[in-house]
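Heads up, the thing below is written out as structure tokens.
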Amino acid sequence: MVTAIIFFLVAGVEALIIRLQLARADSTLVDPETYNQLFTMHALTMIFLGVMPIGVAFFNLIVPLMIGARDVAFPRLNALSYWVFLSGGLLLNGGFISGLGSPNSGWFAYANLTEEPFTTGDGMTFYSLGLLVLGVSSMAGAFNFIVTIINMRAPGMGLMRMPPFVWMTLITSFLLVTAFPVITVGLIQILFDRSFGTNFFNTQAGASPLLWQHIFWLFGHPEVYILILPALGIVSEVIPTHSRKPLFGYPFVIFSGIVIGFMGWGVWSHHMFTVGLGNIANSVFTITTMLIAIPTGVKIFNWIATMWGGSIRFTTPMLFALGFIFMFIIGGLSGVTHASPPADAQQQDTYYIVAHLHYVLFGGSVIGLFAGIYHWFPKVTGRMYNENMGKLHFWLLFLGSNLTFFPMHIVGLVGMPRRIYTYPADAGWEGYNMLSTVGAFLLGASFLIFLHNMVRSARKGERAGNDPWDGRSLEWTIPSPPPEYNFAEIPTVYSRDPAWDLKYGPTGQDETYRETSNGPVSDGLSNGPEGAGYGSETDAQSLGIHMPSPSYWPIIVAMGFGIAGALFIVGPWFSAIGVTILVLGLYGWAAEPVSKEEH
Amino acid sequence: MWAFLGSECLFFGTLISTYLVYRNNSLVGPYPKDIIDVPVTSVSTFVLLMSSFMMVMTLNAIRKGDQRAFRVWILGTAFMGATFLGFQVFEFYEFAIEEHEFTKCFAEGCIEGTWGGLTPWTNLFGSTFFVMVGFHGAHVTVGVIWLISLFGQSLQGNLKQKDALRVELLGLYWHFVDIVWIVIFTLVYLIGGNDAPTDIQAYLDQGFQLVQ
């Protein structure tokens, strides 16, 4: 999680440089080549090293707690996933580190512009290798979560009793394991073209650059949902807890999530309306794209209905969740506007698109993730963050992001294209761009407040207690921070809001009953010795709970990936060294004795 | 494991789609018709399919706790997988090194000529063929190593009847790789094996002459 936030900051600084460059016409702060590298790395780092890993970090921290499990199904695979992620992240940034040049063709890396004669240098090689290695990490993590969620739920927790966040994790994991192989093949094709002279995207040999676009967006669009679904899950947790009402229309929220997951596969060509696929293809993808707004809208209405009549507490996580709804609606609406090919033909590759994607990715995913960070901060650290600073962070960030991204709609519609490193003074775009830059620095300032708040509160904050929010899911029934083994006694679940059951009696009571702060402890759950809470003992050993022993093999395997990738830049055959380390690591891993005792 | 195989389906699905999209799009020879040898590959396909049968017997043996039978069957599976790989190495070598003579007749007359070897960088057919079939071969190789590793564990006495699940997982993988080969064999060899330009101009453009 910390690593992801560091990468996130790097990407943020890249964005600030981009904004500085674009603030004035005819600016010469950075040269075009550097600018290309900056916007490419900004996107790659934000997506693959920032937002995705923060989402995955939540899966790791929260999902086992929510389903009443002691850990994920394969702890060593989890460690591998992290270390491979780290080496992939370093590899992707290898261009900056080694000075050989970073990826510079945009995160979409359109062929055949990425072929050898058109893009020289090692940047695109770093791109393919970095993403290949990151793909391994994501898939390892995703398999782990699928198995964990399917096999390790607490007794009584049927699929339709799982908290919505766990559901969204499951859907995201399935999207990950199905979307990444597609891009893996695309990356291999580009890598082979560049390094071994194959012809996949060589137009001189009759290849079609459109194939890359299809492969990329067939991955790319599910990837968009991989980024947003964790945020949807978090908001579905935060809103009921802070409105003190159960989630309205739980089955609809879950099924619309599943529908989004499926339909995410059927919309990829809306990224390609202007390449000339023909009217029929364009119409089909217009319809699917507009249809996908329906499940998304269903979720938004459910959130609003959850708040309706609830006793809402405007805490920082709740503010972020509300900000999320606000921003996500704007982003969703602008998204529907370019679902229509004629409109899209005007908007394609303008700042209008940049505005849309930042409203959904920043206003959506990132704000949703912040809601989650504040919501679970007391659980993970055991201490409370500073509420005033949190609110200040929210308002600065909310103002800043609207100030940054809203003018982009306008400047895009008056014709400013994306990915240009500067523009002439008489284009009339200067005012809007200046606003965006000011907004971006407001955002930067809000992050400083956030960091200060987190670091300070984690060390000196007030003790939070086990259940600061009067939460409704299982993680609030155990001590904060959770003990290593999470649950001293595996709980049994009888409803969708097990923690509320525990505190206020089984579901079916009226809402006002829930608001009384110390309702009688019911027999709704098989309680631990003290009645409320499952984690009362302190030592895993004394409870006879088997904990996995630490293992170094995952790091060695991950190093194998990193070294193989880095040496590939030197020469493909050198990566054999890395592969050897990898294989040795795998055998060491397999041979390592796993403790025989069962839980 | 099932999720992993689902994921692998997408992986090979993309490789196979690439092949299909680029089918008949090669601008220069050799074309599949001039080079694909269906009878030889049929033999290796048969070997691979039979190895799947042996895999079933392997799993059956370990479930019964019969270590001797298990070792025989698992070695047999590995041996057949290796045989398939041998065929593939031979095929790749022949495609890439040998020259390929061909005769093609059109309404205008016949063309005779010789192609150089087919390599991944010769044409689109070469790129798609070698990368797709090569990745399949890599999967078979991993499978063979996996088989031999389990055989080694059995010799050390680390693979008991209760560990049948580990063999079953390998079995799933092995059958999956087998099924992928059935798809590739059908598409590339049986259906695509006759692909060649139907227009004489494609040959004339490459400098071949009509033979009287």
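Labels below follow one simple rule: chain letters A, B, ... track the order of the sequence lines, proteins then strands, and each chain is numbered from 1. The analysis underlying the following values was restricted to heavy atoms, covering all of them including side chains, and did not include hydrogens, waters or symmetry mates.
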Check your understanding: Would one find more than 12 heavy atoms of other residues, nucleotides or ligands at under 6.0 Å from atom CZ of A:Phe262?
Key -> no

Review point. Where does B:Phe135 contact chain A at under 4.5 Å (heavy atoms): side chain, backbone, both or neither?
Key: side chain

Review point. Crowded around B:Phe102 CZ? As in, over 12 foreign heavy atoms under 6.0 Å?
Key: yes

Check your understanding: Once you round to the nearest 0.5 Å, how far does CG of B:Leu124 lie from OG1 of A:Thr198?
Key -> 9.5 Å

Review point. With a 4.5 angstrom heavy-atom cut-off, which part of A:Ser173 approaches chain B: side chain, backbone, both or neither?
Key: neither

Review point. Using non-hydrogen atoms only, which part of A:Ile188 is less than 4.5 Å away from chain B: side chain, backbone, both, or neither?
Key: side chain

Check your understanding: Between A:Asn199 and B:Pro120, which heavy-atom pair has the shortest distance, and what is it?
Key -> ND2-O, 4.0 Å

**Study point:** Separation of A:Phe196 CZ from B:Ser127 OG (nearest 0.5 Å)
**Key:** 12.5 Å

Practice item. Mark yes when over 12 heavy atoms from residues, nucleotides or ligands other than B:Leu165 sit less than 6.0 Å from its CG; otherwise mark no. Key: yes

Point to revise | Interchain contact, A:Phe200 with chain B, by part (heavy-atom threshold 4.5 Å) | key: both

